[in-house]
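Have a look at the structure below, then the notes.
Keep in mind that what you see is a predicted model, and the values were worked out from it rather than measured. Note on naming: letters A, B, ... go to the chains in the order of the sequence lines (proteins, then strands), and numbering restarts at 1 for each one. FYI, side chains are in, hydrogens and waters are out, and symmetry mates aren't considered; it's all heavy atoms of this structure.
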2 protein chains.
Amino acid sequence: MSTRRATISDVAREAGVSASTASVVFSGKTPTSEATRARVIAAAASLGYTGPDPRAASLRRGRSGIVGVVFDQHLGTAFLDPVTTHMMDGLADGVSRLGAALLLLRDDGVTVSEPSLHTAPIDAAVLIGCSPRMRDSLEIVRGRGIPVVVVEGDAGEGIPRVLLDNAEAQREAALHVAALGHRDVVIVTLPTDTARRRGWIADDAEVRVDVTADRLAGARAVFPDAPALAAATSSIDEGAIAGRTIFADPDRRPTAVIAQSDLLAAGVIRAAEEAGLRVPHDVSVTGFDGVVVDGLAPHVLTTLVQPATAKGRAAGEAVAAMLEDAEPSGLALSCTFREGTTTAPPPTR
Amino acid sequence: MSTRRATISDVAREAGVSASTASVVFSGKTPTSEATRARVIAAAASLGYTGPDPRAASLRRGRSGIVGVVFDQHLGTAFLDPVTTHMMDGLADGVSRLGAALLLLRDDGVTVSEPSLHTAPIDAAVLIGCSPRMRDSLEIVRGRGIPVVVVEGDAGEGIPRVLLDNAEAQREAALHVAALGHRDVVIVTLPTDTARRRGWIADDAEVRVDVTADRLAGARAVFPDAPALAAATSSIDEGAIAGRTIFADPDRRPTAVIAQSDLLAAGVIRAAEEAGLRVPHDVSVTGFDGVVVDGLAPHVLTTLVQPATAKGRAAGEAVAAMLEDAEPSGLALSCTFREGTTTAPPPTR
DNA sequence: TTGTACGCGTTATCAT
DNA sequence: ATGATAACGCGTACAA
């Protein structure tokens with residue numbers, strides 16, 4: 001049939017109007033008479049024209065309607081964390097208000113494939129995480145003059161970022177535990193650095209990951225001497241490994257464990273039950289994130305509910321604001337303490 | 001400073017060459033002398049030019065380098081399933097070979113936000129799942145003349161789709177269970193329709209979801225009379241609910257449960273242990289998918305390992321082929337049986 | 001190796 | 001309400 005796809009001027013010719021009129025019929029930017037409108041639609045249908053070519057439209061408008069989301073790891077890995085997936089959900093929401101979709105981009109530093117950060121037709125970018133690599137990504141994007149927002153990362157000077165009140169929130173949970181009467185408390189932390197080493201955190205060790213450091217500081221504000229055990233990642237199995245270490249010696253068992261994520265907390269609970277301890281009767285456990293942990297039922301975790309979806313939405317809206325030359329706002333978000341069934345007063349000895 | 005961004009002709013003027021020469025320097029399509037190359041690079045640097053405008057380039061080339069991934073549900077929900085996230089990982093891989101990135105698109109039928117399937121600057125599309133809605137999405141994309149591949153769904157006439165040997169694989173697992181000596185077997189299935197109703201599947205009930213139907217057929221090929229219990233979704237908690245139903249009556253307990261997903265299997269195992277049964281000594285359990293189930297340790301599930309990442313990669317490569325006017329191939333994938341620690345001969349009575 | 005010329009398909013502006 | 005015109009920024013034959 002046709003050797004090439006119909007364009008808007010083909011349609012216009014067929015309908016006996018000018019190209020600009022046909023364009024207006026599709027965009028609806030200017031009122032048109034019902035008659036011409038119908039003629040154009042009919043002409044389009046007869047030619048198999050399905051609407052303006054997005055590439056040409058975006059060149060003309062100077063906007064692609066696409067927001068890039070930049071990860072520094074495999075997508076499979078990133079999406080393993082429910083917090084990330086919820087955040088993506090919120091982000092999708094936040095940018096859709098702006099009429100945009102999300103382009104998944106991975107910055108693994110060595111990739112030569114296109115479109116990369118250099119060449120992707122994006123109107124704005126959202127950077128997830130805070131690895132050193134991200135600094136490079138940031139440079140590239142800024143070099144292109146593209147608005148950027150950072151989530152869960154320290155971007156440096158003047159880059160808007162979505163922040164959580166990690167320290168304050170964790171402190172609140174710790175206060176709850178203290179109020180119940182606990183004194184022997186152990187903290188299970190998220191990874192402390194990119195090496196992701198497991199083990200007890202020495203007093204003089206520096207914690208390089210912001211989230212981990214902030215939550216640790218919040219807990220230590222209440223329990224200055226509580227030992228802290230780092231997990232290699234945020235997962236149930238890692239939590240269980242930490243838990244087994246903690247509950248190994250029956251004589252030195254804490255009465256409460258403050259975990260820095262719900263997944264870790266779930267693992268700690270599992271380890272406790274393996275060790276014959278009942279939660280919360282024998283040991284209390286708190287989490288962080290407020291995600292649904294599949295398989296944790298019937299327990300309801302005492303935790304800090306992080307507004308993961310809102311975090312994404314905030315990033316999306318910040319990006320939207322920047323595209324309209326407005327100052328992004330609403331970037332500081334708060335966690336909410338939720339008391340579940342995994343905390344109780346310590347057992348009486 | 002500058003009221004508008006520099007273009008390639010600005011750079012060319014600054015470097016004292018023509019625009020096309022400057023273009024060639026950036027694209028590398030034609031050899032250039034080292035001298036002009038250096039001049040152009042320098043000029044670009046001094047003007048803050050960071051490369052061709054992707055919008056203009058894609059208009060010119062007729063390609064955007066973007067592949068759309070269409071979901072029929074919230075991203076947060078879709079990404080809850082590890083099979084989906086792994087598939088995304090593979091897909092990202094598969095299309096990157098082609099030099100493309102992934103655009104997340106959701107077709108919820110009512111959305112008016114742009115860019116939608118109608119207006120997104122995509123070179124090709126991958127449809128995930130098989131809900132009725134997807135048919136509409138398919139129409140839209142085909143109408144635009146865009147190559148499309150369907151994953152895990154029935155697309156109808158002539159649409160390439162990535163297929164798994166669900167029935168054959170499930171049959172293999174069932175044979176394994178039968179060979180161990182089991183005769184009393186119950187099947188726990190994935191949802192049977194979009195209503196996602198829980199409960200025993202009547203003999204004359206029609207199963208509308210391909211995956212569920214195929215795996216069920218595979219199991220029934222070995223155990224024609226095995227009762228089948230449908231779960232509302234693929235999760236540990238749903239598996240546990242099904243398990244509790246199955247193990248409720250001590251006198252009518254099966255000696256083996258064939259679950260249609262690893263998450264369901266994990267839940268069944270949990271329910272079995274709640275009921276005081278040991279796995280695999282008292283009851284054997286098989287799964288399907290071969291994903292890492294967080295929190296299942298120390299069990300290793302006997303399951304069918306689905307090549308989830310390969311599935312995504314296959315879809316990506318199929319799309320790549322179609323863009324080069326080649327026939328997509330390699331769309332039929334096989335699962336691999338993996339014997340774990342959750343199956344054993346039935347207890348002797 | 002470099003330059004000329006043109007068109008990719010659309011839409012904003014302005015005049016009618 | 002409609003039309004003429006002019007970019008948007010680039011890539012690629014083709015000629016030189």
**Request:** Could you check whether A:Ser23 gets within reach of a base, just the sugar-phosphate, or nothing at all, counting any heavy atom under 4.0 Å?
**Result:** base

**Asked** For A:Val17, which contact category applies under a 4.0 Å heavy-atom criterion: base, sugar-phosphate, or nothing?
**Response** sugar-phosphate

**Asked** Within the structure, does a side-chain N or O atom of A:Ser33 lie under 4.0 Å from either OP1 or OP2 of D:dA1?
**Response** no

**Request:** Rounded off to whole Å, could you give me the CD1-to-C1' distance for the B:Ile8 and D:dT12 pair?
**Result:** 12 Å

**Request:** Take the protein atom CZ of B:Arg55 and the nucleotide atom C1' of D:dG11, then report the distance between them rounded to whole Å.
**Result:** 17 Å

**Item:** DNA chain D: 5'-proximal contact among B:Lys29 and B:Leu59 (nearest heavy atom)
**Value:** B:Leu59

**Request:** Quickly work out the A:Arg60 CZ to D:dT5 P distance and round it to whole Å.
**Result:** 16 Å

**Prompt:** Just wondering, more than 12 heavy atoms not from A:Arg37 lying within 6.0 Å of its CZ?
**Reply:** no

**Prompt:** Hey, where on DNA chain C does chain A first and last touch, going 5' to 3'? Cut-off is any atom under 4.0 Å from a heavy atom.
**Reply:** C:dG9 to C:dA12

**Asked** Base, sugar-phosphate, or nothing for B:Thr30, non-hydrogen atoms under 4.0 angstrom?
**Response** base

**Request:** Classify the side chain of A:Ser20 and the base of D:dA4 as holding, or not holding, a donor-acceptor pair under 3.5 Å.
**Result:** yes

**Request:** Could you tell me whether B:Arg55 and A:Asp123 have a side-chain N and a carboxylate O separated by less than 4.0 Å?
**Result:** yes

**Asked** A:Thr21 side chain: which of D:dT12, D:dA1, D:dG3 is closest?
**Response** D:dG3

**Asked** Contact class for A:Tyr49 (heavy atom, under 4.0 Å): base, sugar-phosphate, or nothing?
**Response** sugar-phosphate

**Request:** Heavy atoms only: give me the nearest A:Ala314-A:Leu333 pair and the separation to one decimal.
**Result:** CB-CD1, 4.3 Å

**Message:** If the cut-off is 4.0 Å, is A:Ser18 near the phosphate of D:dA4, judged by side-chain N/O to OP1 or OP2?
**Reply:** no

**Asked** Quick one: on DNA chain C, does A:Thr7 or B:Gly16 contact a more 5' nucleotide (nearest heavy atom)?
**Response** B:Gly16

**Prompt:** What's the CZ-P distance between B:Arg5 and D:dC10, to the nearest Å?
**Reply:** 11 Å

**Prompt:** Does a donor on one side chain sit under 3.5 Å from an acceptor on the other, for A:Ser23 and A:Ser20?
**Reply:** no

**Item:** Minimum heavy-atom distance between B:His86 and B:Ala308, given as atom pair plus value
**Value:** CB-CB, 3.8 Å

**Message:** Whether the side chain of A:Asp10 engages the backbone of A:Thr7 through a donor-acceptor N/O pair (distance < 3.5 Å, no angle test) should be reported.
**Reply:** yes

**Asked** Between CG of A:Leu117 and CD1 of A:Ile122, what distance do you get to the nearest 0.5 Å?
**Response** 5.5 Å

**Request:** Check the distance between D:dT2's P and A:Glu34's CD and give it to me in whole angstrom.
**Result:** 10 Å

